[in-house]
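Down below is the structure, laid out as structure tokens.
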Amino acid sequence: MMISQRKMMRGFFCCLLLSLTFLGSAFAQDSAPLKLWYTQPAQKWVEALPVGNGRLGAMVYGDPAEEVIQLNENTVWAGQPNRNDNPQAREALPEVRRLIFEGNYKEAQQLANQKFISKTSHGMPYETAGNLKLSFAGHANYTNYHRELDLEKAVTTSSYRVNGVNYKTEVLSSFPDQVIVVRMSADKPGAISFSATMDRPANAAVSTKGSDELILSGKSGSHEGVEGKVQFQAQARVQNTGGTVKATESSLHVEQADEATIYISIATNFNNYKDISGNAGERADAYLQKALKKGVEAIRKDHVADYKQYFDRVSLALGQTEAVNLPTDQRIAQFKIGNDPALVALYFQFGRYLLISASRPGGQPANLQGIWNDQLTPPWDSKYTVNINTEMNYWPSEITNLTELNEPLIQMVREVSESGRQTARDMYGADGWMLHHNTDIWRINGAVDGAFWGMWPMGGAWLSQHLFDKYAFSGDREYLASVYPILKEASKFYLDFLVEEPEHGWLVVAPSVSPENAPSVHPESSIAAGTTMDNQLVFDLFSKTIKAAEVLKTDEALVAEMKKSLQRLPPMQIGKWGQLQEWMHDWDSPEDKHRHVSHLYGLYPSNQISPYRHPLLFDAARTSLLARGDESTGWSMGWKVNLWARLLDGNHALKLIEDQLSPAGSEGFGEGGGTYPNLFDAHPPFQIDGNFGCAAGIAEMLLQSHDGAVHLLPALPDTWTKGSISGLRARGGFGVDIKWEDNKPDEVTIRSALGGNCRIRSYYPLSGKGLKRAKGANPNLFYQVAEIKDPLVTADADLKSVQVRSIYEYDLKTKPGGVYVVKLAK
Ligand code: FUC
């Protein structure tokens, strides 16, 4: 399956190669080693170190005596192909709308609970594949312990000393060879003796094959009435140099080897969301045999090279202090009180590491935990929550130069666009496709969890943005043509589904929610019509579909229809305390600290609120965000880093990074996010979106390209006086490197893949060959921003006014393949 899907994608990637020719970096790498390291083994899962190749994940504890390598394969999910639409919705739709428009929210929500929410499953959990356990007799007392994850190689190492012998274990997960490799060595011959076995919390059995192979076979769990039918097999083969290896029924015993390597291959019967007729054992065996032939040296070499082609594209240096000499857990503990900008760079690169390790072409998109999960029923099933979390996982993908890693997300959107046609028709009597707030490996589209959370018909609208944004960065027309049908069908759903609300005659989405939040005027029901985020999402979806249709010169009638509807969407509104209203009515409370800041979608990730074009909205968005407060769940803080970056306030963005990089207090459910010792984000519990959101936010502080220009260092905190970033990407196919000193851009390199005008925005005057003062609108099509309606301002609104720094703007004519250097004007 993996191979054939990859083949399918080959054509797609050929076109991408062209646009990636600007990858080099102009400045030297930060000399701070990009390593997470510790002076003790992991005792908890959130201390273990992750490796992954998109499909196979492992969490490595690095324990000298009782080593645990927890394993994942990204298609081991409970259940089997299934749907969860509730077709009763269609008949109840007019009544729910009537109740909402009458202000009868409680009853509307009750009816939605009865008629819209799934009567079958609420999504299947992603499951652990099991554990490889290694016991080293006599290794309980060790010295010289060191454990690390090298982000420049994607390899974990643990080393220690027992009885005068130095031991070392390396673990990696190879994309080219589709195996996890554990390699043990010692500096004295014959010193390696251990026993190995595998286990899993349930539904699996371990056996041995020959004298040197463990096999863990099992079936995924049943859940909410859906029988588990994913078969999986994990094979672990030991190859030793010197010494002996023997097998019992369920374990292997290596005695006095000089070196030992364990090759781990895992596969399932999953072909795609509709088909699980593959053969897990044969697949696992095929990967294993190929890997054994190739050998660990060659596998390691190819793995490092494959990984580096992505990772090395971007380097970030924010300066170093003494803190870099501390182990990572101690750096996290003191980050807020100390001075350790290099930890921000490490965290940023760890986010990129996680995306490279969790999301590779041909695989599944990164779920709530990426691919790393040690449970059978993880928090929120470790599935795809698409009212923020899945999208956030992919926020770093374009700006931090990892565009290929979007492929699993795009494939998932393609698949939910197929499965979601039936949902659109059966539940809403609408054309096109739709998705509510969750999906899973079976691409369910129904509404889950209860109307308060799940009555949100906007999943298709939000996910579709990513399809277009990839084009906005690459300019790849062929790619755009390949995703255009998905955009078009997503738009068609809303053309049918939008309904006229009685007060102003605006076209609105109803029923819906402003994700997971209820206004304090009726806290028991979140259900509403025309929420600000919905309006913004539909605005973006139509605008982007129109743009795509115009680029592809197609669908004139549909374009005209969307243009008409755009005119009838509600404008953004500024309420009585000067806030950007979250709902169509002025219900916002300044006391509301809810983790979701959905109405600020228009500020980030969207570009509907600009400091230069919409000062009123800009001020209102700031007022809303200030009231919402800083500390929250991990992902909420990750979002706020981006939001403060878009509000051009680098110091506040840094404050949020400090909150995010605080030690996580708990592993149980809660709202107080932070960071675990292994740099995983805490919702809590562990949820990977915060890692990705914050990594994207750090990039957004240094470069923005959504508002008509390439804005250099838009939100640099005062304390990051000197630094460099290279390899970031801006819309329109520009690669950007920036070196700064005294908080001013000192030297900027622009690499143009597509040519075209590069409008550069800076707080300081610049000079360079070909650089001219900007005039008029930016002629570069990728920088044309969709015009929004003027906001409606409540008559007695308490308006605040924010001082925005003045800017210089320049135009630089570029040629495809051109490299341009711009400097601070002296
Ligand atoms: C959304 C959030 C929760 C959590 C869940 C997975 O529902 O509101 O905080 O992140 O997704």
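Ligands are counted one by one from 1 in listed order, and the atoms in each one are counted from 1 as well.
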- Query: How about Gln375 and Thr377: does a side-chain donor come under 3.5 Å of a side-chain acceptor?
  - Reply: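 Side chains of Gln375 and Thr377: no pair found under 3.5 Å.
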- Message: Checking side-chain polar atoms at under 3.5 Å, does Gln411 have a donor or acceptor matched by the opposite partner on Glu415?
- Response: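 Yes, Glu415 and Gln411 have a side-chain donor paired with an acceptor closer than 3.5 Å.
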- Message: Counting only heavy atoms and a distance below 4.0 Å, can you name the residues contacting ligand 1?
- Response: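 For ligand 1, the contacting residues are Leu368, Trp380, Thr385, Asn389, Glu516, Arg595, His596, Trp635, His683, Gln687.
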- Message: Applying salt bridge (Lys or Arg N to Asp or Glu O under 4.0 Å), can you list everything that pairs with Asp588, at least two apart in sequence or on another chain?
- Response: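 Asp588 satisfies salt bridge (Lys or Arg N to Asp or Glu O under 4.0 Å) with no residue once adjacent residues are dropped.
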- Task: Mind jotting down which residue pairs meet the ring pair (Phe, Tyr, Trp, His ring centres under 6.0 Å) criterion with at least one end in residues 510-539? Sequence neighbours excluded, please.
- Result: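 Counting only pairs at least two positions apart or across chains, the ring pair (Phe, Tyr, Trp, His ring centres under 6.0 Å) contacts touching residues 510-539 are Tyr105-His522, His522-Trp587.
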Check residues 531-538 and write down every donor-acceptor pair under 3.5 Å in which the side-chain atom is one partner and the other belongs to a residue at least two apart or another chain.
{"residue": "Thr531", "atom": "OG1", "partner": "Asp534", "partner atom": "N", "Å": "3.2"}
{"residue": "Thr531", "atom": "OG1", "partner": "Asp534", "partner atom": "OD1", "Å": "3.3"}
{"residue": "Thr531", "atom": "OG1", "partner": "Asp534", "partner atom": "OD2", "Å": "3.4"}
{"residue": "Thr532", "atom": "OG1", "partner": "Gln581", "partner atom": "O", "Å": "2.5"}
{"residue": "Thr532", "atom": "OG1", "partner": "Glu582", "partner atom": "O", "Å": "3.3"}
{"residue": "Asp534", "atom": "OD2", "partner": "Ser512", "partner atom": "OG", "Å": "2.6"}
{"residue": "Asn535", "atom": "ND2", "partner": "Gly530", "partner atom": "O", "Å": "3.2"}
{"residue": "Asn535", "atom": "ND2", "partner": "Thr531", "partner atom": "O", "Å": "3.2"}
{"residue": "Gln536", "atom": "OE1", "partner": "Gly602", "partner atom": "N", "Å": "3.0"}
{"residue": "Gln536", "atom": "NE2", "partner": "His599", "partner atom": "O", "Å": "3.0"}

- Query: Can you check salt bridge (charged side-chain N to carboxylate O under 4.0 Å, His left out) on Arg90 and Asp426, steps first, answer last?
  - Reply: CA-CA 7 Å; Arg90 191 165 173 174; Asp426 290 0; 5.6 Å; no
